[in-house]
Each structure stands twice: as C-alpha cells, then as structure tokens.
Amino acid sequence: MASMIFSECSTARLLPLRCHRSCPALSFSRRVSLPLTSSRLFLPSLSFQPRASSTSVSATIATESSAKVIDGKAVAKQIREEIGVEIARMKEAIGIVPGLAVILVGDRKDSATYVRNKKKACDAVGINSFEVHLPEDTTEQEVLNSISRFNEDPSVHGILVQLPLPSHMNEEKILNAVGIEKDVDGFHPLNIGRLAMRGREPLFVPCTPKGCIELLHRYGIQIKGKKAVVIGRSNIVGMPAALLLQREDATVTIVHSRTNNPEDIIKEADIIISAVGQANMVRGSWIKPGAAIIDVGINPVEDPASPRGYRLVGDVCYDEVVKVASAVTPVPGGVGPMTIAMLLSNTLSSAKRMHNFN
C-alpha cells in the first residue's frame with residue numbers, strides 16, 4: 001500500500017490546529033506546548049492472526065474523504081519554536097542554558113544518525129549538547145562512569161543512552177544508572193511507576209507516547225470518556241501510551257500478539273494508537289467510522305520505484321483507513337517528528353525544575 005502524505009491530497013485545505021492548555025505532559029509556565037529518532041524506539045514485530053480555547057496556531061492538514069491528516073512535522077516545528085522562546089527567556093532571566101548529554105556506544109550507522117539529529121535539534125533551539133562516543137568493545141563500567149559524570153555535572157539537565165547497546169552489556173543496569181532527575185527519556189522505573197499511579201506525577205513522560213497524546217490535544221481530539229485501543233504492549237511505547245490515555249480518562253484496552261480477534265476489539269475504538277512494527281497490519285475494515293488513529297509504526301517495504309529500493313509505511317493500511325477515520329497520522333511525517341521535540345521539551349523542563357524557574 002502506498003504511504004500517502006498530506007501534500008498529495010487533492011482536497012488539501014487549512015484547518016485550525018489547537019494548542020491545548022491542560023496537557024499534563026507539558027509543564028511550561030507560559031503554556032508552551034510541548035524525526036523518528038528516539039533513542040529507545042525499537043518496535044517488535046508482532047504477529048496477529050485475525051479471523052479471515054487556547055492559543056491559536058495553524059498548520060497544513062489535508063483531507064481525503066472524511067479523514068484529516070495530522071501533520072506531525074508542522075506540530076513539531078511549532079513546538080521547537082516555542083521551546084526556543086522559553087530557553088531564550090530562561091537564559092536572559094537567570095543565565096542558565098539547558099544541557100543534554102548523549103552516550104553512544106559502538107559504530108552503528110543508524111545510531112550515529114540519530115545522535116546527529118538530536119544534536120542538530122538541540123542547536124536549533126539553543127540547548128547545549130554533550131556527547132560521549134565509546135568503542136564497541138568498551139566495558140560496561142566505562143559506560144557507567146560516563147553516566148556518573150553526567151549525573152554530577154550541573155550543566156547537564158538530561159542524559160540519554162543511545163540504544164541498542166552492545167550485547168555484552170546489561171542494558172537495564174545501564175539505563176537505571178541515569179539519575180531519575182535527568183532521565184529525559186522517561187523510562188526510569190520510578191518515572192514509569194509514578195506514571196502508573198493515580199495522584200503521582202512522573203518527572204518525565206516517555207517521548208514517543210507523550211508526542212502521541214500531544215498530537216491528539218493539538219488537534220482538539222477529545223480523549224475523556226472515549227474508548228481507546230493501544231496496539232502493542234512494549235515498555236517503550238505501548239504500555240506508557242496506555243497509561244497516558246488512562247490518565248486522560250479514556251477507557252483503555254491493549255491489543256497484543258496473544259489477543260484473540262483483535263479486529264473486533266479495534267473496531268470499537270474511538271482512538272487507536274498502533275505501535276507494533278508490522279506493515280499495513282490494521283485494515284480499513286477494522287476501523288470504526290470516525291475514529292482517530294495515531295500510527296507509531298515505521299516499517300520499510302520494498303519499492304522498486306523508489307531510489308532507495310524501499311519506502312516507509314506504518315502499521316496502519318493508510319489508503320484504506322483514510323476513507324473511514326476522522327483523523328490519521330501519516331508515515332512518515334506523523335508521530336516521527338514529535339519524538340525529538342518531546343525530548344527537547346523534557347530537557348527544558350528538567351532545567352527549569354532544577355533551577356526553580358517558572
């Protein structure tokens with residue numbers, strides 16, 4: 001199935017994009033709201049076997065049939081601009097510039113690209129970036145030592161360990177070594193535990209799920225009281241996305257690889273967040289008319305017509321669901337651009353918290 005993007009729609013028109021004031025994932029004092037390059041976004045491919053008034057901004061959204069296409073790229077651009085304004089205000093008021101440290105182990109080209117993109121994004125908004133690049137055969141203790149130094153460095157407000165790590169390292173041990181107050185990826189057990197508990201607030205919310213919820217808020221898609229289905233139960237996207245939807249008073253169901261008749265459950269959903277890493281799995285016939293769909297999947301499929309020999313598609317069969325849904329994110333250009341924007345937001349929030357700046 002071809003992965004369509006908003007610019008291809010013949011009926012493209014401008015629709016209002018809303019900057020939601022009450023999103024709990026954001027903490028800018030001036031209601032600053034909060035490409036795919038998450039350090040931890042590795043979606044497992046799950047095998048399902050189904051039966052045969054706010055601040056006004058604008059972004060380009062295209063419509064085809066009843067669906068409007070959510071422009072994550074435009075949202076992320078606006079968020080970066082808002083973050084840049086806040087950073088400039090903070091620097092002028094107290095002389096503090098947020099700092100983000102990234103630890104890269106090994107020479108994976110994709111990981112190196114992700115780190116370059118993060119640095120570029122930091123530079124664009126005025127965040128200081130720090131990087132440690134260690135060889136593939138480095139010891140686990142050397143990585144822990146780097147984390148310890150950044151934990152103690154007051155100019156560093158966020159620490160990110162680029163995944164995957166070499167096989168000889170204990171990933172859980174290394175990630176847990178990041179101080180909770182600098183865990184801008186939001187995956188420290190204490191952050192996830194607070195996210196899961198009512199009446200508790202995590203210091204950080206995981207970046208990709210946070211971006212999904214922010215897209216729903218920015219486009220005025222009501223969550224409270226709605227039936228939401230999250231497809232996939234990874235610690236990285238599915239589980240925290242379900243927790244965030246629950247915090248927004250949705251009735252949440254998680255569909256996973258052991259779920260019987262997933263299409264029947266998905267068809268009841270008003271909101272769907274899919275993060276399984278299986279190309280075009282969710283068909284148009286699975287979608288309730290008028291549902292809103294957030295497609296986190298990024299899957300390469302062969303395409304001889306493409307210069308690269310492949311193209312990227314989501315978990316959702318876009319050509320089919322766009323005729324049924326009320327709103328849908330494209331792939332690419334939907335959730336992907338939001339991940340780094342949320343990382344920058346978390347880093348700014350960390351710096352403001354550490355220096356009691358509102």
Side-chain angles (χ1 to χ4, degrees), residues 35-46 99-122 127-153 156-193 195 202-211 232-241 275-277 296-300 335-336 339-340 342-344 346-347 350:
L36 182 58
T37 56
S38 170
S39 64
R40 304 186 185 183
L41 188 53
F42 300 95
L43 301 180
S45 179
L46 304 185
L100 175 65
V102 179
I103 299 172
L104 173 63
V105 183
D107 297 307
R108 286 177 59 110
K109 290 183 179 180
D110 56 347
S111 293
T113 298
Y114 293 161
V115 170
R116 282 197 303 272
N117 288 339
K118 292 182 179 78
K119 185 179 188 306
K120 183 179 179 180
C122 285
I127 291 177
N128 290 333
S129 58
F130 306 86
E131 180 184 341
V132 170
H133 187 182
L134 299 170
E136 181 82 15
D137 60 354
T138 195
T139 66
E140 186 176 281
Q141 188 58 49
E142 287 176 295
V143 178
L144 293 172
N145 290 343
S146 295
I147 292 173
S148 179
R149 286 193 296 271
F150 285 135
N151 277 337
E152 297 171 3
D153 187 342
V156 172
H157 304 96
I159 302 171
L160 184 150
V161 179
Q162 183 68 43
L163 300 183
L165 290 166
S167 59
H168 66 277
M169 294 186 180
N170 184 328
E171 182 177 291
E172 181 179 355
K173 180 179 179 181
I174 287 173
L175 297 181
N176 289 350
V178 175
I180 187 174
E181 71 282 355
K182 297 187 179 184
D183 173 40
V184 289
D185 247 353
F187 287 99
H188 192 287
L190 291 178
N191 272 322
I192 293 296
L195 181 63
L203 296 181
F204 304 101
V205 174
C207 299
T208 299
K210 180 178 181 178
R233 54 180 172 177
S234 72
N235 291 334
I236 298 165
V237 181
M239 184 270 292
V276 294
V296 182
I298 296 185
N299 310 292
V335 176
T339 300
I340 283 186
M342 299 299 101
L343 176 64
L344 301 177
N346 281 352
T347 303
S350 178

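A distance of 9.0 Å separates OG of S148 from CD of Q141, quoted to the nearest 0.5 Å. Atom-to-atom distance recorded for I147:CD1 and L160:CG is 10.5 Å, nearest 0.5 angstrom. Taking CG of N346 as the start and NZ of K182 as the end, the distance is 15.0 Å to the nearest 0.5 Å. Here the straight-line distance linking atom CG of L104 with atom CZ of R116 works out to 10.0 Å at 0.5 Å rounding. Atom-to-atom distance recorded for S146:OG and N151:CG is 11.0 Å, nearest 0.5 angstrom. Interatomic distance, E171 CD to L163 CG, rounded to the nearest 0.5 Å: 4.5 Å.
Of the possible polar contacts, one joining the T113 side chain to the K109 backbone as a donor-acceptor pair under 3.5 Å is found. A donor-acceptor contact shorter than 3.5 Å links the side chain of H133 to the backbone of G106. In terms of modelled atom types and a separation under 3.5 Å, the side chain of Q162 and the main chain of V102 share no donor-acceptor contact.
For K120, there are no salt bridge (charged side-chain N to carboxylate O under 4.0 Å, His left out) partners at least two apart in sequence or on another chain.
Taking all atoms of both residues into account, the shortest heavy-atom contact from N176 to P189 is OD1-CD, 3.3 Å. The two atoms that bring E140 and H168 nearest to each other are OE1-O, 4.4 Å, heavy atoms only. Between S350 and V184, the shortest heavy-atom distance links the atoms CB-CG1, 4.5 Å. Summarising the geometry of T347 relative to H157, their closest heavy-atom pair is O-CB, 4.2 Å, with the distance given to 0.1 Å. Across all their heavy atoms, I180 and F204 have their closest contact at O-CE1, 3.4 Å. Nearest heavy atom pair, residue P240 against residue S234, reads CD-O, 3.7 Å.
Atom CD of E172 sits in a sparse spot, with 12 or fewer heavy atoms from other residues, nucleotides or ligands closer than 6.0 Å. Remark: N235 CG is loosely packed, at most 12 non-hydrogen atoms of other residues, nucleotides or ligands lying under 6.0 Å away.
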(request) Evaluate the side chain to side chain contact (heavy atoms under 4.5 Å, CB included) criterion for residues V178 and H188: first the C-alpha distance (whole Å), next the side-chain angles of each, then the deciding distance (0.1 Å), finally the verdict. (result) CA-CA 8 Å; V178 175; H188 192 287; 5.7 Å; no
(message) Under the criterion side chain to side chain contact (heavy atoms under 4.5 Å, CB included), I'd like the reasoning laid out for K118 against I340: C-alpha separation, chi angles, the key distance, then a yes or no.
(response) CA-CA 7 Å; K118 292 182 179 78; I340 283 186; 4.0 Å; yes
(message) Apply salt bridge (charged side-chain N to carboxylate O under 4.0 Å, His left out) to residues E131 and K119 and explain how you reach the verdict.
(response) CA-CA 9 Å; E131 180 184 341; K119 185 179 188 306; over 6 Å; no
(request) Could you give me the CA-CA distance, side-chain angles and deciding distance for R149 and V156, then say whether side chain to side chain contact (heavy atoms under 4.5 Å, CB included) is met? (result) CA-CA 10 Å; R149 286 193 296 271; V156 172; over 6 Å; no
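With a 4.5 Å cut-off on side-chain heavy atoms, I192 and P202 do not count as touching. Side-chain contact between C122 and L344 is present, with heavy atoms from C-beta onward closer than 4.5 Å.
Partner L175 forms a side-chain contact (heavy atoms from CB on, under 4.5 Å) with one of D183, I159, V161 and no other, that one being V161.
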